[in-house]
Amino acid sequence: MTEKEIVSLLNLPGGALFKAADEARQKAVGDGVHLRALIEFSNHCAANCLYCGIRRQNPEVKRYRMSA
């Protein structure tokens, strides 16, 4: 989509885009709340993903590894 198309969808009257998104959510998963979590055994990482706060080259991270 172009920026112009995105802006026009966001500006639909009466929040039509948000209503359509809510209807799609309702149809797909209903009103239930789904909790997800992860357990980190370590925050040592070999990857260097630029979006990630624990990436390999971030010197500010206090690293840890859980013991057995």
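Sequence positions, counted from 1, serve as the residue numbers for this chain.
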Next on the checklist: To check you understand the geometry: which heavy-atom pair defines the closest contact between E5 and T2, and what is its length?
Outcome noted: OE1-N, 2.8 Å
Next on the checklist: I'd like to know whether R63 forms a side-chain contact (heavy atoms from CB on, under 4.5 Å) with I54, so could you lay out the CA-CA distance, the side-chain angles of the two residues, the decisive distance to 0.1 Å, and finally the verdict.
Outcome noted: CA-CA 9 Å; R63 304 291 176 179; I54 62 169; 4.0 Å; yes
Item to check | side-chain contact (heavy atoms from CB on, under 4.5 Å) partners of R56, counting only residues at least two apart | outcome: N48
Item to check | Closest non-hydrogen atom pair, Y64 against E40 | outcome: OH-OE1, 2.7 Å
Item to check | Those residues that, when tested against R25, pass salt bridge (charged side-chain N to carboxylate O under 4.0 Å, His left out) (two or more places apart) | outcome: D22, D31
Checklist entry - Atom NZ of K62 and atom CG of N43: how far apart are they, to the nearest 0.5 Å? => result 10.5 Å
Checklist entry - Would you find more than 12 non-hydrogen atoms of other residues, nucleotides or ligands less than 6.0 Å from E3 atom CD? => result no
Next on the checklist: So, using side-chain contact (heavy atoms from CB on, under 4.5 Å) as the criterion, who are the partners of L10 when residues are at least two apart?
Outcome noted: I6, L17, F18
Next on the checklist: Checking M1 against L9 for the side-chain contact (heavy atoms from CB on, under 4.5 Å) test, could you report, in this order, the C-alpha distance in whole Å, the side-chain angles of both residues, the deciding distance, and whether it holds?
Outcome noted: CA-CA 10 Å; M1 294 179 75; L9 281 175; 3.0 Å; yes
Checklist entry - Could you give the distance from CG (L50) to CG (N58), rounded to the nearest 0.5 Å? => result 11.0 Å
